[in-house]
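Naming: A, B, ... by sequence-line order, numbering from 1 per chain.
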Amino acid sequence: MSMTPSELKYASSHEWARLEEDGTVTIGISDHAQEALGDVVFVEVPGVGDRLAAGDEAGVVESVKAASDIYAPISGEVIAVNEALEDEPETVNADPYNDGWFFRLQPDDTSELEKLLSAEDYANHCADE
Amino acid sequence: MTLQHTPLDALHRELGARMVPFAGYDMPVQYPDGIIREHQHTRRAAGLFDVSHMGQLVLRGAGSAELLETLVPADVVGLGEHCQTYALFTNDDAGVRDDLIITRWGPDTFFLVVNAACKAQDIAHVQAHLRGQTLEVLEQQALLALQGPGAREVLCRLCPELASLTFMHGQPAVLDGVEVYITCSGYTGEDGFEISLPAADAEAIARRLLAEPGVAPVGLGARDSLRLEAGLCLYGHELSPTIDPVQAGLLWSVGKARRPGGARAGGFPGAQRVFELIENKPLLRRVGLQVEGKRPVREGQVVLDEQGQQVGEVCSAGFGATLGGPVAMAYVQRSLGEPGTRLAVDVRGKALPVTVVTMPFVPQRYFRG
């Protein structure tokens, strides 16, 4: 059974978003997503400074089996990326909600987070898939 | 279509396998360790694979060897007792219908192991050519593979007389009171064995092997990445009805006696075409590609030359867990197939640099005595 922390918001495309204390938003992929993908061997993150609209392609995560696009769950400017994933993409499997984060946005409007799924709704969404 | 289940189905589920449909069977693609760890474990110790989905056939009767030689270009007539050969069912255009392993059980008895996906058509193909011989399909027989540098020691604990069994040979044996047929073969590039045994005993023997130190269950995912690193062809990827043995780099599977000037030259489907290809070389050849960086290439992606022109296509790709990076096989224009040639693969619009390399990617470690 995969973990779905209740303090995070989720996109139906399996990204999570966390509003940090400084008002930025950290984004990664869910435990359910990493488990479904299997061993992650490559991650492509957006460039720092990229402007992303909600739903824009923001990178790629590739496992031994498949490639999967990552989408920006909300709009904003990329202010940091997890460069450690370049050498250790397997961190996405080991720790998807912390060390396995993908990128951080300066959001245009944090209220966009409210349009995302709650942990409970996301867990139901995964169960239906 | 309802999926079929192997005799180890309940054990796979108990072990936490992720099951996927494969060639009409519900098969374990991986266990909780994951494909990379299962792959590395097999290279380091011993992996146990359920390959019961593959077809096991026995051909019996006078003239069986000659019959097989009308279907495959291998030297079957000259095959010694309990010796094995890799073979191809060719078609009239010199394409490949399936690849298989033939083991001679006796003067007029042959054991055939064929791919699950091709099983039905292979059976029909052989049956259509019977001239008094019989073809038995071993429906109630399971097939396990124990592969890796630790496999021999493990199996010898159960059956010491297997210690001297060398690559591409087989022998009947008794494991824990169960009569089995064991061959020293497999598809990982490692020393290892395939064990044909009654379905009813398969779970008990599998549990017995898994209880030995160093043995872990390994799924189809790692089986694929292991064979890719070993540079071995997989039907449906490197082999198809439109790919000939010469371009696949499998001329070695055409027995010397079956080649032009040989004692029993030709006589198999597409022989004339194969002989032309030996003479004139096919347009394409199978090569290994070393990929720069960590981004994987995928099957079906286009291979480009330095000018960006399409010169081939990736036929297999995966993560080479022993090498720690992506590896691939491709069919490319013959002139670009020399090791060291710099090419690129179009990965979703980006030209990823690759280099043609000799295969296998990882040295094969077969036990030849």
Asks: For A:Glu83, does the CD atom have more than 12 heavy-atom neighbours from other residues, nucleotides or ligands under 6.0 Å away?
Replies: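 Not buried by this count: 12 neighbours or fewer within 6.0 Å.
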Asks: Within the structure provided, determine whether A:Val64 and B:Ser225 are in side-chain contact (heavy-atom separation under 4.5 Å).
Replies: no
Asks: In the structure I gave you, are the side-chain heavy atoms of B:Arg348 and A:Val60 within less than 4.5 Å of one another anywhere?
Replies: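 Yes; the side chains approach each other to less than 4.5 Å.
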Asks: Calculate, to the nearest 0.5 Å, the distance between atoms CD and NZ belonging to A:Glu88 and B:Lys294 respectively.
Replies: 8.0 Å
Asks: Which heavy atom of A:Asp39 sits nearest a heavy atom of B:Gly34, and at what distance?
Replies: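 Scanning both residues completely, I find the closest heavy atoms to be OD2-C, 3.6 Å.
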Asks: Please name the pair of heavy atoms, one in A:Glu62 and one in B:Pro296, separated by the smallest distance, quoted to 0.1 Å.
Replies: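 Looking at all heavy atoms of both residues, the closest pair is OE1-CG, 3.3 Å.
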Asks: Measuring from atom CZ of B:Arg295 to atom CZ of A:Phe42, what distance do you get when rounded to the nearest 0.5 angstrom?
Replies: 4.0 Å
Asks: Which answer fits A:Asn93, side chain, backbone, both or neither, if we ask what part of it has an atom under 4.5 Å from a heavy atom of chain B?
Replies: neither
Asks: Compare every heavy atom of A:Ser63 with every heavy atom of B:Arg298, then report the nearest pair and how far apart it is.
Replies: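 Nearest heavy atoms, B:Arg298 then A:Ser63: NH2-O, 2.8 Å.
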Asks: Would you find more than 12 non-hydrogen atoms of other residues, nucleotides or ligands less than 6.0 Å from A:Gln106 atom CD?
Replies: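 Above 12, so yes.
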Asks: Atom CZ of B:Arg18 and atom CD of A:Glu35: how far apart are they, to the nearest 0.5 Å?
Replies: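 So the CZ of B:Arg18 and the CD of A:Glu35 are separated by 6.5 Å.
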Asks: Of the backbone (N, CA, C, O) and the side chain (C-beta and beyond), which part of A:Glu86 lies under 4.5 Å from a heavy atom of chain B, both, or neither?
Replies: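 Backbone of A:Glu86 only, per the 4.5 Å heavy-atom cut-off to chain B.
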